[in-house]
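Have a look at the structure below, then the notes.
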Amino acid sequence: MMLPNIQVSQTILDKAPVIILVIGVDGRVTYINQWGCQLIGAAKETVLNKDWIDEFVVSENKDEVKSYFNQVMRQETKIMGNFENCIRSFNDGVLFVSWNSNLMLDEAGSVQGIITIGEDVTDKKILLKKLLSQESVNRSTLNRAIETARASERDEIASELHDNINQNLTTCKLLLEQELQGHTPLPFVSKAYTILKESINEIRNLSHRISSGSLTFSDFELSLKNSLEEIKLATGVNYRLSITGKDALNNAPIAIIANIFRIMQEQLNNIVKHADAASIHIALQADKNAINMEIKDDGKGFNPNGVKRGLGLNNIFKRAELNHGKVYVDTAPGQGCLISVIIPLD
């Protein structure tokens, strides 16, 4: 069958590097060019008179696609001029095709079918996917570099506090001690001496807390327990904490441990602000391959498909991505929420 109203030779149509289809109002193929047959890996006689949607369209919603096609044929809705979908190919399994479609009308204006031209964009899609994947890797590398820079900056501040400021304060403390030993201590001088000693201890503790090199998993564990106790005192929410694989946790890079701790803090904050929970269970397990963390609450939950990912949850996903981790959310209205995070160590 030659294409109506198009005065071109069959040879040109067959060699055009696109799929050219004519589909009748019943959804069956009345024309396909030779190039199209080669792309889908089928002889022309195998394709002609076949229901295109049933035989070749790859979709979980074929009923919806057919319903839309029938509405177009009845002119109940407008045709989508440009769209993309996947079709079945006997050569490569599945092809991703970009289509440009137009209605075919007779002289009376009645729909006779559609003529559609499809470009195989499978390679473009694969390339785009690779580029997006590489962009994600680059973003993660950049974020890790930023975190490393921040840790380095914290170490410099800690060193400045410990080596310079605290040394100066210690010198002042020694001078005050000499003065206090030689004279009857004045009340304000004694008080200043006491405050100075406390300040020296506070600065020493602060420098240890902000220095990433001096932190261990035990420091984070203690801080987590303190946070849970504070939540319990402030809100009445009970908690249960279980940790296994402490040897692996102690040997894990401290940057990863710090990141996991911040993820915990983020989700605990989410629970306190939004969950209306009565209890929280945190499970932390590690081996030489990965760290697995679960935070479960018995709060009101939410519909993960109906709620836009908020800043808190978004931060959790971003922090996990810093260490090539994965985040899984299991929740439903009235069913509480379970956040699972897996961070690889190998």
Side-chain angles (χ1 to χ4, degrees), residues 136-137 139-158 205-232 234-235 237 239-246 248-275 277 280-287 290-297 299 304 309-331 337-345:
S136 177
V137 170
R139 192 184 305 116
S140 295
T141 302
L142 176 61
N143 287 336
R144 286 198 302 274
I146 291 172
E147 285 294 315
T148 301
R150 287 173 176 168
S152 177
E153 185 178 16
R154 288 195 299 269
D155 288 345
E156 288 181 14
I157 294 172
N205 292 334
L206 176 62
S207 67
H208 283 292
R209 285 199 301 271
I210 66 175
S211 174
S212 59
S214 62
L215 293 172
T216 65
F217 171 73
S218 297
D219 296 319
F220 287 109
E221 181 182 6
L222 178 60
S223 183
L224 175 61
K225 289 178 178 179
N226 289 337
S227 296
L228 289 168
E229 281 294 333
E230 289 173 1
I231 291 173
K232 183 177 180 180
T235 66
V237 177
Y239 71 87
R240 184 157 57 96
L241 175 63
S242 58
I243 300 174
T244 57
K246 284 194 175 183
L249 289 166
N250 283 319
N251 292 326
I254 201 63
I256 291 180
I257 298 299
N259 215 17
I260 287 176
F261 178 70
R262 293 188 184 104
I263 290 173
M264 289 182 182
Q265 286 180 314
E266 195 75 59
Q267 182 55 12
L268 288 174
N269 185 52
N270 290 339
I271 292 171
V272 171
K273 288 171 63 177
H274 307 295
I280 302 169
H281 178 212
I282 297 178
L284 190 61
Q285 185 272 331
D287 56 30
I291 298 176
N292 296 271
M293 178 185 67
E294 291 187 350
I295 305 178
K296 181 175 177 60
D297 68 75
R309 205 159 78 185
L311 181 61
L313 199 55
N314 199 45
N315 285 341
I316 290 175
F317 277 84
K318 286 184 177 179
R319 287 198 173 279
E321 289 170 1
L322 283 175
N323 302 114
H324 303 292
K326 297 290 185 182
V327 179
Y328 303 93
V329 181
D330 184 8
T331 183
C337 180
L338 172 64
I339 299 287
S340 302
V341 180
I342 302 174
I343 304 292
L345 292 176

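A quick note: this is a predicted structure, and the numbers were derived from the prediction, not measured. In this chain, numbering begins with 1 at the start of the sequence shown.
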Exercise. Determine, stepwise, if the pair Leu228 / Ile282 fulfils side-chain contact (heavy atoms from CB on, under 4.5 Å).
Key: CA-CA 10 Å; Leu228 289 168; Ile282 297 178; 4.1 Å; yes
Using every non-hydrogen atom in the two residues, find where [X] and [Y] come nearest and quote the distance to one decimal.
X: Leu345; Y: Asp287; value: CD1-O, 3.3 Å
X: Ala252; Y: Ile291; value: CB-CD1, 4.2 Å
X: Gln267; Y: Cys337; value: NE2-SG, 4.3 Å
X: Val272; Y: Thr235; value: CG1-CG2, 4.2 Å
X: Ser242; Y: His281; value: OG-NE2, 3.4 Å
X: Tyr239; Y: Lys232; value: CE2-CD, 4.3 Å

Just so I know, are the side chains of [X] and [Y] near enough to count as touching, which here means a heavy-atom distance under 4.5 Å?
X: Phe217; Y: Leu284; result: yes
X: Glu294; Y: Ile339; result: no
X: Met264; Y: Ile260; result: yes
X: Leu224; Y: Leu222; result: no
X: Ile295; Y: Leu338; result: no

Quiz item: Please walk me through it: do Leu322 and Ile256 pass side-chain contact (heavy atoms from CB on, under 4.5 Å)?
Solution: CA-CA 9 Å; Leu322 283 175; Ile256 291 180; over 6 Å; no
Atom pair [atom1]/[atom2] of [X] and [Y] - distance to nearest 0.5 Å:
X: Ile257; Y: Arg262; atom1: CD1; atom2: CZ; result: 11.5 Å
X: Asn292; Y: Ile342; atom1: CG; atom2: CD1; result: 5.0 Å
X: Gln265; Y: Arg319; atom1: CD; atom2: CZ; result: 8.5 Å
X: Glu266; Y: Asn315; atom1: CD; atom2: CG; result: 4.5 Å
X: Ser227; Y: Asn269; atom1: OG; atom2: CG; result: 10.5 Å
X: Met293; Y: Ile263; atom1: CE; atom2: CD1; result: 5.0 Å

Self-check item: Pair Glu229-Asn226, side-chain donor/acceptor within less than 3.5 Å
Solution: no
Practice problem: Please step through side-chain contact (heavy atoms from CB on, under 4.5 Å) for the pair Val329 and Ile316, ending with a clear verdict. | Solution: CA-CA 11 Å; Val329 181; Ile316 290 175; over 6 Å; no
Quiz prompt | Lys246 with Glu221: basic N within carboxylate O range, under 4.0 Å | solution = yes
Quiz item: Would a distance-only check, ignoring hydrogens and angles, find a side-chain to backbone donor-acceptor pair under 3.5 Å from Asp297 to Ile271?
Solution: no
Practice problem: With side-chain contact (heavy atoms from CB on, under 4.5 Å) as the test, would you mind laying out the steps for Lys296 and Ile280 before giving the verdict? | Solution: CA-CA 6 Å; Lys296 181 175 177 60; Ile280 302 169; over 6 Å; no
